[in-house]
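We count residues from 1, following the sequence as given.
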Amino acid sequence: MMPQAVPATAPASAVLSVRNLSIDAKAADGSPIHLVQDVSFDVYEHEVLGLVGESGSGKSLTMLAVLGLLGPGLKIVSGSISLRGQELTTLSFAELQKVRGKTVSIIFQDPLTTLNPVLRIGEQIAEAIRLHNPGKSKAEVRSRVIELLTLVGIPNPERRATQFPNEFSGGMRQRVVIAMAMANEPDLLIADEPTTALDVTIQAQVMQVLAEVRARTGAAMVLITHDLGLVSEYADRLTVMYSGRIVEQAPGEQLFADPRHPYTAGLIASLPQIDHKVAALYSIPGFVPDPRKRPSGCPFHPRCAIGRDRPECSGTEPALREVAPARGVACHYFEETPAWLEQQRAISAIPAEAGAATEGDSKVVLKVDNLQKVFNIGGPAFRAHKLKALRNVSFELRSGKTLGIVGESGCGKSTLARVLLRLADASGGEVFLNGSPLFKLRGNALRQRRRDLQVVFQDPYSSLDPRMKIHDVIAEPLRIAGSYSGQRVDELLEYVGLPPEAGQRRSPEFSGGQRQRIAIARSLALNPDVLILDEAVSALDVSIQAQIINLLMKLQQEMGLTYVFISHDLSVVRHISDEVMVMYLGRVIEQGATEDVFDRPSHPYTRALLAAIPQIGGKSDMEGLIAKGDLPNPMNPPSGCNFRTRCPRATAFCAESEPPLVAHGHPGHEAACHFALT
């Protein structure tokens with residue numbers, strides 16, 4: 001392993017300095033598994049360092065080592081971690097407890113699991129304060145709790161401090177976690193995927209809160225994420241990790257404008273574009289290597305378009321060397337990366353071909369007419385409330401087309417999918433599948449019709465039974481239908497790019513992207529007409545996401561599939577969808593052709609969603625349009641237009657009547673707004 005070219009000592013202005021850090025685990029035979037190798041970087045005063053890379057690259061593991069939170073069986077075998085000049089690797093557990101939460105704090109990905117569900121919010125924040133300030137009185141601690149809740153933008157902090165985590169939305173829970181992390185004004189804040197579980201509008205709010213809190217306290221931050229748009233907007237410098245090593249370091253603007261490592265360039269090239277559709281996304285071939293079977297030489301060379309067939313790349317591991325001021329790259333042929341990326345961008349700029357068929361040439365496969373779903377909340381001992389999860393939802397979807405459904409959590413997207421699949425009963429309206437009413441079917445007739453409507457869920461890890469061989473997982477619907485064929489299973493594996501031998505393995509032996517391919521193969525077993533994809537790529541890294549999106553589009557072209565594509569990632573929706581439907585509090589508030597909705601959005605909510613998308617190369621020029629606050633309580637929605645409490649254009653008239661969904665602009669483009677935008 002070649003050493004990295006880094007300074008031997010930490011710069012005076014560095015809050016955190018990591019030098020030649022290596023972390024190992026032990027294999028079953030006692031041999032070492034090198035998880036993190038020779039990692040060195042600095043975090044300076046007041047800056048945000050972005051740490052990016054695919055799952056398994058070592059990002060989170062490196063920062064857990066900084067906090068002294070490595071799990072059993074993991075060990076720092078070499079290197080130094082210095083926080084404000086204090087060496088952390090030699091501290092005892094009790095000494096590290098005095099550092100965590102005081103000098104350095106962390107914000108984890110999921111606020112729901114970070115917070116204790118049986119303790120009030122105020123008590124949890126107070127605990128973080130008292131731990132490092134035992135001399136503070138009860139009144140002083142409470143005053144500090146209220147101050148912190150106010151700082152992170154939680155309204156009515158005195159009342160909210162007495163509530164439990166389940167009474168908060170996802171965005172509000174993450175604000176509480178930020179308040180806990182900032183309770184003792186740490187010098188360094190580690191944010192590990194702090195917005196991955198949040199909608200794009202709430203993500204923008206949380207990142208704004210983080211920026212405001214850091215501006216007040218002066219804390220430096222390490223932002224760990226696979227969202228390149230997010231780090232482009234908020235990070236001052238970036239460190240790119242791959243297979244346990246740093247492969248590139250650079251100021252954020254320089255790295256995105258001119259990446260030098262082929263891996264960095266591949267990640268950037270894999271991103272879907274929000275401003276136009278392309279014929280196909282670039283996807284980095286293969287997967288991050290298993291650390292137990294890391295290839296010789298450069299660990300990226302088997303996936304690299306530049307070094308795949310070069311002996312030096314397969315024989316010698318490149319050192320991280322300085323190629324320009326404040327820029328380091330670990331690549332033998334980094335000079336060739338800009339030309340490769342330029343070529344790839346030219347290929348990606350080829351627009352997607354418009355569908356040859358007109359509306360009259362393709363039949364309506366799925367028709368939804370005034371669909372409604374009402375949940376009765378409460379019972380005899382409590383006052384009953386009605387939650388209108390779906391309100392008069394209507395659309396038509398033609399054969400071979402994709403309908404993208406977008407909106408924040410709680411807008412009704414997944415409820416719509418459950419009702420379409422007959423996993424929940426509708427309260428009104430009708431669904432027609434190939435012209436036949438779906439809700440009137442019962443028993444065997446319903447089972448037969450369900451073959452035409454299949455689903456791919458969000459989480460590939462929980463979608464597949466880990467005890468079953470993949471062959472049996474895919475064959476299960478065929479056996480239930482009485483049409484099992486081993487050859488058919490092998491064909492399905494081939495469709496999704498997996499060899500027949502994969503059928504003899506079990507799901508834990510596959511990566512997330514491979515598991516999602518298997519889930520897609522299973523959903524295609526009975527030759528469905530419509531595939532419902534519920535956040536089917538949101539749990540995947542950007543490069544694996546591109547592979548799955550390309551696969552879905554290929555299958556659609558070859559098999560004539562029709563998709564209902566549910567997602568909160570508008571860039572992906574833009575790339576894959578022919579039509580888009582925007583939902584808010586159970587109602588469709590805008591729908592139309594993808595180009596109309598994205599290029600000429602009529603509803604302020606649609607513009608708010610687009611404005612909140614992180615942009616590569618800087619902040620969106622529509623930043624002022626971002627919706628404020630959280631989704632209203634669906635059991636007590638605002639009068640008139642439900643969006644008016646968050647709308648920058650709302651007037652008193654908006655509270656008086658709910659706007660109808662009417663035509664606006666091009667044919668088929670509809671919006672529900674009294675003051676539809678042009």
With side-chain contact (heavy atoms from CB on, under 4.5 Å) as the test, would you mind laying out the steps for Leu281 and Ser270 before giving the verdict? CA-CA 6 Å; Leu281 295 173; Ser270 299; over 6 Å; no

Would you sort out whether Ser543 and Glu54 count as a side-chain hydrogen bond (donor to acceptor under 3.5 Å, both in side chains), showing the intermediate values? CA-CA 8 Å; Ser543 56; Glu54 294 170 284; 2.4 Å; yes

Run the numbers on Val374 and Leu387 for side-chain contact (heavy atoms from CB on, under 4.5 Å), then give the verdict. CA-CA 5 Å; Val374 178; Leu387 192 160; over 6 Å; no

Could you go through Leu464 and Phe510, starting from their C-alpha distance and side-chain angles, then the distance that decides it, and tell me whether this counts as side-chain contact (heavy atoms from CB on, under 4.5 Å)? CA-CA 11 Å; Leu464 307 175; Phe510 293 88; over 6 Å; no

Would Asn527 and Arg488 satisfy side-chain hydrogen bond (donor to acceptor under 3.5 Å, both in side chains), going step by step from the backbone distance to the final call? CA-CA 11 Å; Asn527 293 315; Arg488 173 63 175 161; 2.9 Å; yes

Working note: Phe108 + Glu193, criterion side-chain contact (heavy atoms from CB on, under 4.5 Å); need CA distance, chi angles, decisive distance, verdict. CA-CA 7 Å; Phe108 289 107; Glu193 301 279 8; over 6 Å; no

Does Ser427 form a side-chain hydrogen bond (donor to acceptor under 3.5 Å, both in side chains) with Gln372? I'd like the steps, not just the answer. CA-CA 5 Å; Ser427 304; Gln372 300 179 52; over 6 Å; no

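In terms of the ring-ring contact (aromatic ring centres under 6.0 Å, His included) criterion, Tyr563 has no residue partners (sequence neighbours excluded). For the salt bridge (charged side-chain N to carboxylate O under 4.0 Å, His left out) test, no residue two or more places apart in sequence or in another chain qualifies with Arg451.
Ion pairing between a basic and an acidic side chain is recognised when a charged N comes within 4.0 Å of a carboxylate O; Arg506 and Asp472 show no such pairing. With respect to the salt-bridge test (charged N to carboxylate O, under 4.0 angstrom), the residues Arg391 and Glu658 qualify. Comment: Lys401 does not engage Glu579 in a salt bridge, judged by the lack of any side-chain N to carboxylate O separation of less than 4.0 angstrom.
Here the straight-line distance linking atom CZ of Phe375 with atom CG of Leu390 works out to 7.5 Å at 0.5 Å rounding. To the nearest 0.5 Å, atom NZ of residue Lys388 and atom NZ of residue Lys373 are 14.5 Å apart. Atom CE of Met583 sits about 9.5 Å away from atom CG of Leu585, to the nearest 0.5 Å. Distance check: Gln174 CD to Gln109 CD gives 9.0 Å after rounding to the nearest 0.5 Å. To the nearest 0.5 Å, the span separating CG on Leu438 from NZ on Lys440 amounts to 11.5 Å. Distance check: Ile33 CD1 to Leu74 CG gives 9.5 Å after rounding to the nearest 0.5 Å.
Counting only heavy atoms from C-beta outward, the side chains of Leu524 and Leu561 approach each other to under 4.5 Å. Taking the side chain as every heavy atom from C-beta outward, Leu420 and Val368 approach each other to under 4.5 Å. Taking the side chain as every heavy atom from C-beta outward, Leu533 and Ile566 never approach each other to under 4.5 Å. Side-chain contact check for Phe565 versus Ile405: every heavy-atom pair is 4.5 Å or farther apart. Taking 4.5 Å as the limit, some side-chain heavy atom of Leu551 sits within range of a side-chain heavy atom of Arg517. A heavy-atom distance below 4.5 Å is not found between the side chains of Ser567 and Lys413. The closest side-chain heavy-atom distance from Met581 to Leu416 is below 4.5 Å. At least one side-chain heavy atom of Gln547 sits less than 4.5 Å from a side-chain heavy atom of Phe287.
For the residue pair Ser60/Asp192, the side-chain donor-acceptor check at 3.5 Å is satisfied. Between the side chains of Tyr242 and Arg303, a donor-acceptor pair is found at a separation under 3.5 Å. Side chain to side chain, Arg173 and Asn166 fail the donor-acceptor criterion of an N or O pair below 3.5 Å. Looking at Gln458 and Ser538, their side chains do bring a donor and an acceptor atom within 3.5 Å of each other. A donor-acceptor pair shorter than 3.5 Å can be found between the side chains of Gln203 and Thr195. If you check the side chains of His669 and Gln591, you find no donor sitting under 3.5 Å from an acceptor. Tyr605 and Glu408 form a side-chain donor-acceptor contact under 3.5 Å, judged by distance and modelled atom types alone. In this structure, a donor-acceptor pair under 3.5 Å is present between the side chains of Ser31 and Asp29. Remark: the His666 side chain and the Glu595 side chain contain no N/O donor-acceptor pair separated by less than 3.5 Å. Between the side chains of Ser463 and Arg515, no donor-acceptor pair of N or O atoms lies under 3.5 Å.
A donor-acceptor contact shorter than 3.5 Å links the side chain of Ser394 to the backbone of Asn370. Put simply, the side chain of Arg450 gets close to the backbone of Leu421: a donor and an acceptor are under 3.5 Å apart. Side-chain atoms of Arg522 come within 3.5 Å of backbone atoms of Val473 as a donor-acceptor pair (strictly under, hydrogens ignored). Using a distance-only test at 3.5 Å, with no hydrogens or angles considered, no donor-acceptor pair links the side chain of Asp199 to the main chain of Thr201. A distance-only check finds a donor-acceptor pair linking the side chain of Asp541 to the backbone of Ser55 [under 3.5 Å].
Evaluated for a side chain to side chain contact (heavy atoms under 4.5 Å, CB included) with Leu397, the options Asp578, Val365, Thr562, Val364 yield exactly one hit, Thr562.
The shortest heavy-atom contact between Ala25 and Leu35 is CB-CD1, 3.9 Å. Shown here for Ala536 and Leu540, the closest heavy-atom pair between the two residues is O-CD1, 4.2 Å. Nearest heavy-atom pair across Ile202 and Gly171 is CG2-CA, 3.2 Å. In plain terms, the two heavy atoms of Pro614 and Val200 that are nearest each other are CD-CG2, 4.3 Å. Between Leu498 and Ala502, the shortest heavy-atom contact is CB-CB, 4.3 Å. In plain terms, the two heavy atoms of Ser571 and Ile613 that are nearest each other are OG-CG2, 4.1 Å.
A cation-pi geometry, defined here as NZ or CZ lying under 6.0 Å from the six-membered ring centre and within 45° of its normal, does not hold between Arg422 and Phe439. Under the 6.0 Å distance and 45° angle rule, Arg479 counts as a cation-pi partner of Tyr484.
For Gln504, the CD atom is densely surrounded, since the number of other residues' heavy atoms within 6.0 Å is greater than 12.
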